[in-house]
Number of protein chains: 2
Amino acid sequence: MSTLKETAPHDPKQNRILASLPAPDYERILPDLEFIPMPLGWTMSESGDHVNFLHFPTAGIVSLIYELENGASSEIALVGNEGLVGVSIFMGGESMPSSTEVQSAGYAYRLSRKIMKREFALGGQLQHLALLYTQALISQTSQTAVCNQHHSLDQQLCRWLLMSLDRMHDNKLVVTQELISNLLGVRRESVTMAAGKLQKDGLITYSRGIIKVLDRSKLEMQVCECYGVVKKEYDRLLPTPSSK
Amino acid sequence: MSTLKETAPHDPKQNRILASLPAPDYERILPDLEFIPMPLGWTMSESGDHVNFLHFPTAGIVSLIYELENGASSEIALVGNEGLVGVSIFMGGESMPSSTEVQSAGYAYRLSRKIMKREFALGGQLQHLALLYTQALISQTSQTAVCNQHHSLDQQLCRWLLMSLDRMHDNKLVVTQELISNLLGVRRESVTMAAGKLQKDGLITYSRGIIKVLDRSKLEMQVCECYGVVKKEYDRLLPTPSSK
DNA sequence: CGTCCTATGTACGCTAGCGAACATAAATGC
DNA sequence: GCATTTATGTTCGCTAGCGTACATAGGACG
């Protein structure tokens with residue numbers, strides 16, 4: 001709508017997996033890539049849903065969440081523009097026991113199940129990258145499991161902030177303490193206290209759903225090893241993290 | 001060595017994935033399947049090791065374990081004859097941040113990385129089953145993460161016993177409380193107490209590394225939903241669980 | 001048959017996080 | 001401008017699991 005050409009026009013290559021595809025693979029699916037916005041709070045799929053699209057986020061953050069019968073829940077992984085959402089499409093299960101929610105608004109390109117399966121069956125680079133990404137996802141999930149068990153909420157909060165930050169373009173996160181508590185599987189009040197400490201120490205400011213990270217390096221000093229382990233594994237497995 | 005033909009000779013088909021392969025796929029890899037014993041306590045691979053073989057257990061239990069810098073650890077998944085060990089070979093990462101330990105002695109057939117990659121690239125049934133199994137593994141890992149966070153040790157112990165039992169042929173587990181504590185990521189004393197309750201209530205007997213499950217149905221009554229959720233997902237994704 | 005080792009049992013104080021109830025304060029809407 | 005809603009802050013008692021220290025008991029082995 002603006003009269004000026006946008007400085008960062010929507011482009012599938014803003015997703016790192018799509019950006020890493022060789023020209024032939026990329027061009028083969030390009031016509032089938034459909035651009036869609038991912039609004040904040042959108043539940044992309046619920047547990048057990050038959051998944052019809054594979055999403056390649058270009059911006060924003062998607063959370064994979066497990067829910068228990070008593071209403072408790074935990075986030076098991078975070079996905080940004082480095083990855084994709086909907087592994088069950090090419091893994092073959094068609095659905096997963098996790099639900100998928102947009103935790104920070106953004107955009108994605110999506111591919112229908114049919115096209116993705118066709119492309120995957122060719123055994124080309126998209127297959128290779130999708131599987132590598134899935135392995136990275138397994139690592140993130142596993143590390144989260146261990147972290148949940150052994151590390152304090154203070155440390156987990158640092159980890160979560162850093163992981164989210166890595167998937168954002170600025171230092172601002174739009175998320176309430178209530179939501180964080182659901183993702184980390186703890187009480188809202190506990191998050192209030194942990195975030196209060198960080199705020200008091202000047203690492204972040206927190207105001208009604210807006211977190212601003214003021215001192216990233218101090219966060220990195222407090223975070224548990226889990227953040228670094230996962231990041232390192234992502235860097236190892238995924239193409240061109242461009243040193244970020 | 002016995003003069004009698006063994007009643008249950010070693011057979012790759014005792015692994016459920018191998019058993020589900022159509023004849024052509026099966027026969028193509030059969031010459032390359034190498035039978036090996038998996039002795040109790042064997043560390044099949046350490047975190048970061050370059051994995052050279054894909055293992056298809058026919059009996060016994062393998063634990064996937066994450067270790068932290070401070071020596072703490074947690075089991076993130078259990079593998080028996082329903083699955084395979086070494087997903088990084090076909091997922092492409094070649095190694096994983098987890099270590100792999102034989103938690104109950106048994107046997108496996110193994111396939112070299114080279115052969116597995118060749119077979120996987122054909123896009124046949126082994127590819128399909130390997131990916132389906134990997135998806136099931138993701139579910140198990142994720143559910144474990146949530147369970148670690150929200151359920152009591154009492155319930156987690158029941159879950160662990162049942163999951164192990166499902167992968168054994170009898171009702172006897174050979175495992176010390178010390179080992180269980182490492183797998184569940186808690187103190188040994190806590191396991192002593194949880195196991196003591198189960199013993200007192202007559203669900204199990206425990207004696208110097210030998211657990212016998214006396215009343216499986218009572219275990220199933222006490223266990224958290226996580227056991228059932230994972231089992232259901234395994235049944236859904238994997239071939240011919242033969243209603244077990 | 002006594003010694004040593006390993007596995008299990010027990011006790012004590014401590015802390016993180018829970019559950020519930022309530023207080024404030026910033027946005028939002030009429 | 002006032003009421004309502006939403007987000008955050010605070011308190012209090014409680015419990016599961018921790019860390020530590022030590023006790024017992026079954027097997028192994030000399």
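Each chain gets a letter, A, B and so on, in the order the sequences are listed, and its residues count up from 1. In this text the structure is predicted, and so the values were computed from the model without any measurement.
Contact check for A:Tyr66 versus A:Ser74: no side-chain heavy atoms found under the 4.5 Å cut-off.
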*Which letter, B, S or -, goes with each nucleotide of nucleotides 5-12 of chain C from 5' to 3', with contact meaning a protein heavy atom under 4.0 Å?*
-BBBBB--
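Residues in residues 135-151 of chain A take part in no salt bridge (Lys or Arg N to Asp or Glu O under 4.0 Å) pair, two or more places apart or across chains. Applying the salt bridge (Lys or Arg N to Asp or Glu O under 4.0 Å) test to every pair with at least one member in residues 55-69 of chain B, sequence neighbours left out, gives no pairs at all. For the salt bridge (Lys or Arg N to Asp or Glu O under 4.0 Å) condition, the pairs that include at least one residue of residues 34-46 of chain A, sequence neighbours left out, are A:Glu34-A:Arg110. Sequence neighbours left out, the pairs with a member in residues 138-162 of chain B that pass salt bridge (Lys or Arg N to Asp or Glu O under 4.0 Å) are B:Asp154-B:Lys197.
First and last contacting nucleotides of DNA chain D toward chain A (any atom under 4.0 angstrom from a heavy atom, 5' to 3' order): D:dT6 to D:dT10.
Computed from C1' positions of five pairs at each end, the angle between the two local axes of the helix from C:dC1-D:dG30 to C:dC30-D:dG1 equals 30°, rounded to 10 degrees.
Under the side-chain contact (heavy atoms from CB on, under 4.5 Å) criterion, A:Thr100 pairs with A:Met44, A:Ser45, A:Val62, A:Leu64, A:Val85, not counting sequence neighbours. Shown here are the salt bridge (Lys or Arg N to Asp or Glu O under 4.0 Å) partners of B:Glu189, two or more places apart in sequence or in another chain: there are none. Annotation: side-chain contact (heavy atoms from CB on, under 4.5 Å) contacts of A:Ser88 (sequence neighbours excluded): A:Val51, A:Met96, B:Gln135. By the ring pair (Phe, Tyr, Trp, His ring centres under 6.0 Å) test, B:Tyr227 is found to be paired with no residue, residues two or more places apart in sequence or in another chain being considered.
The shortest non-hydrogen separation linking A:Leu198 to A:Cys158 is CD2-SG, 4.1 Å.
Near-neighbour residues of DNA chain D inside residues 153-162 of chain A, defined by a heavy atom below 4.0 Å, are absent.
Just one residue in the list B:Ile17, B:Asn15, B:Leu137 forms a side-chain contact (heavy atoms from CB on, under 4.5 Å) with B:Leu84, and that residue is B:Ile17.
If you take CG on A:Leu237 and OH on A:Tyr133, they are separated by 11.5 Å, rounding to the nearest 0.5 Å.
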